Amino acid sequence: QVQLVESGGGLVQAGDSLTLSCATSKWTFATFHMGWFRQVPGKEREFVAAVSVSGDPVVYADSVKGRFTISRDNAKNSVYLQMNSLEPEDTAVYYCATGALLTYSHLVPQYWGQGTQVTVSS
């Protein structure tokens with residue numbers, strides 16, 4: 001069974017930075033691409049960023065390019081989302097995801113974490 005455990009959400013002010021973490025098993029980390037999605041109430045879950053099993057390539061949504069950075073730590077079987085210059089529009093529940101297919105524009109998710117809330121105040 002694939003388990004993804006997120007941490008790092010919270011309440012910050014606009015312009016601040018925040019880093020999300022997602023830990024999983026060694027097998028999952030070595031098998032699947034890893035990524036992040038986010039969702040606000042009443043809207044569909046949207047892709048944010050993803051990184052391939054090998055670490056390259058990485059893919060970002062246009063809305064976060066230049067502000068967010070995704071990375072993976074093979075020693076810790078974890079993926080991170082460094083979020084800089086946060087805006088109120090970034091407020092959402094952020095979900096870690098993993099899947100076998102990574103396209104040029106997004107990750108096709110197969111498994112989800114439980115989600116972590118990020119709130120950016122203006």
Side-chain angles (χ1 to χ4, degrees):
Q1 185 176 357
V2 174
Q3 285 192 319
L4 304 170
V5 181
E6 301 116 329
S7 61
L11 171 63
V12 297
Q13 293 186 331
D16 285 352
S17 298
L18 197 63
T19 300
L20 305 181
S21 302
C22 174
T24 187
S25 70
K26 185 175 183 178
W27 178 84
T28 299
F29 199 72
T31 302
F32 295 108
H33 309 300
M34 303 290 295
W36 292 92
F37 289 69
R38 65 187 182 186
Q39 188 171 26
V40 298
K43 291 190 175 181
E44 290 188 358
R45 197 169 296 186
E46 66 172 4
F47 169 75
V48 175
V51 57
S52 74
V53 171
S54 66
D56 182 36
V58 295
V59 180
Y60 294 99
D62 288 341
S63 58
V64 305
K65 278 182 183 176
R67 299 188 301 123
F68 291 11
T69 302
I70 189 170
S71 62
R72 53 190 296 150
D73 186 333
N74 294 336
K76 296 183 178 181
N77 302 319
S78 295
V79 64
Y80 305 97
L81 186 67
Q82 171 71 40
M83 304 183 291
N84 298 327
S85 302
L86 283 162
E87 305 167 351
E89 293 72 25
D90 296 315
T91 295
V93 176
Y94 283 71
Y95 295 91
C96 181
T98 187
L101 180 59
L102 177 63
T103 74
Y104 70 94
S105 63
H106 68 285
L107 173 71
V108 179
Q110 292 177 250
Y111 303 97
W112 298 99
Q114 80 282 2
T116 184
Q117 176 70 46
V118 172
T119 304
V120 184
S121 64
S122 58

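All values derive from a computational prediction rather than experimental measurement.
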| message | Walk me through whether L101 and T103 qualify under side chain to side chain contact (heavy atoms under 4.5 Å, CB included). | response | CA-CA 6 Å; L101 180 59; T103 74; 4.2 Å; yes
| Partner residues of V5 under the side-chain contact (heavy atoms from CB on, under 4.5 Å) criterion, sequence neighbours left out | none
| said: Whether the side chain of T98 engages the backbone of H33 through a donor-acceptor N/O pair (distance < 3.5 Å, no angle test) should be reported. | reply: yes
| request: Given side chain to side chain contact (heavy atoms under 4.5 Å, CB included), test W112 with V2 step by step and report yes or no. | output: CA-CA 9 Å; W112 298 99; V2 174; over 6 Å; no
| Heavy-atom pair with the smallest gap, counting every atom of F32 and A100 | CD2-N, 3.7 Å
| query | Nearest heavy-atom pair of L102 and P57: which atoms, and what distance? | reply | CD2-O, 4.2 Å
| remark: Applying side-chain hydrogen bond (donor to acceptor under 3.5 Å, both in side chains) to N84 and not counting sequence neighbours gives S17, Q82
| field | side-chain contact (heavy atoms from CB on, under 4.5 Å) partner of M34, the single match among I70, L107, L4 | value | L4
| request: Any chance you could measure E6, atom CD, to T24, atom OG1, to the nearest 0.5 Å? | output: 10.5 Å
| said: Nearest 0.5 Å, please: how far is OH in Y95 from CG in L20? | reply: 13.0 Å
| query | Hey, quick one: are F37 and V118 part of the same hydrophobic cluster, counting side-chain heavy atoms closer than 4.5 Å, chains of contacts allowed? | reply | no
| message | My understanding is that only residues two or more places apart in sequence, or in another chain, count here; which of them pass side-chain contact (heavy atoms from CB on, under 4.5 Å) with S25? | response | W27, T28
| request: Could you list the residues that satisfy side-chain contact (heavy atoms from CB on, under 4.5 Å) with Q117, not counting sequence neighbours? | output: T91, V93, T119
| Results of salt bridge (charged side-chain N to carboxylate O under 4.0 Å, His left out) for E46 - residues two or more places apart only | R38
| request: Please name all residues satisfying side-chain hydrogen bond (donor to acceptor under 3.5 Å, both in side chains) with S122, sequence neighbours left out, ordered by chain then number. | output: none
| said: Looking at every non-hydrogen atom in both residues, tell me the closest pair between W36 and S21 and how far apart they are. | reply: CH2-O, 3.6 Å
| note | Residues pairing under side chain to side chain donor-acceptor pair (under 3.5 Å) where one sits in residues 66-79, two or more places apart or in two chains, turn out to be R67-D90
| request: Scan for salt bridge (Lys or Arg N to Asp or Glu O under 4.0 Å) pairs involving residues 53-63, sequence neighbours excluded, and state none if there are none. | output: D62-K65
| note | Minimal heavy-atom distance between A30 and V53, with the atoms involved, is O-CG1, 3.5 Å
| query | Side-chain heavy atoms under 4.5 angstrom apart, residues restricted to Ile, Leu, Val, Met, Phe, Trp, Tyr: same cluster for V79 and V64? | reply | yes
| field | Partner residues of E89 under the side-chain contact (heavy atoms from CB on, under 4.5 Å) criterion, sequence neighbours left out | value | E87
| task | Provide the full list of disulfide bond (SG atoms under 2.5 Å apart) pairs with a residue in residues 25-87, sequence neighbours left out, each pair given once. | result | none
| Going from OH on Y60 to CZ on F47, what distance comes out if it is rounded to the nearest 0.5 angstrom? | 9.5 Å
| said: Once ring pair (Phe, Tyr, Trp, His ring centres under 6.0 Å) is applied, do any residues pair with Y94, and if so which ones, sequence neighbours excluded? | reply: none
| Would a hydrophobic clustering, with Ile, Leu, Val, Met, Phe, Trp and Tyr connected at side-chain separations under 4.5 Å, put M83 with V51? | yes
| query | Can you get from F29 to V59 by hopping between Ile, Leu, Val, Met, Phe, Trp and Tyr side chains that sit under 4.5 Å apart? | reply | no
| request: Among residues two or more places apart or on two chains, list those pairs meeting disulfide bond (SG atoms under 2.5 Å apart) that have a residue in residues 46-122. | output: C22-C96
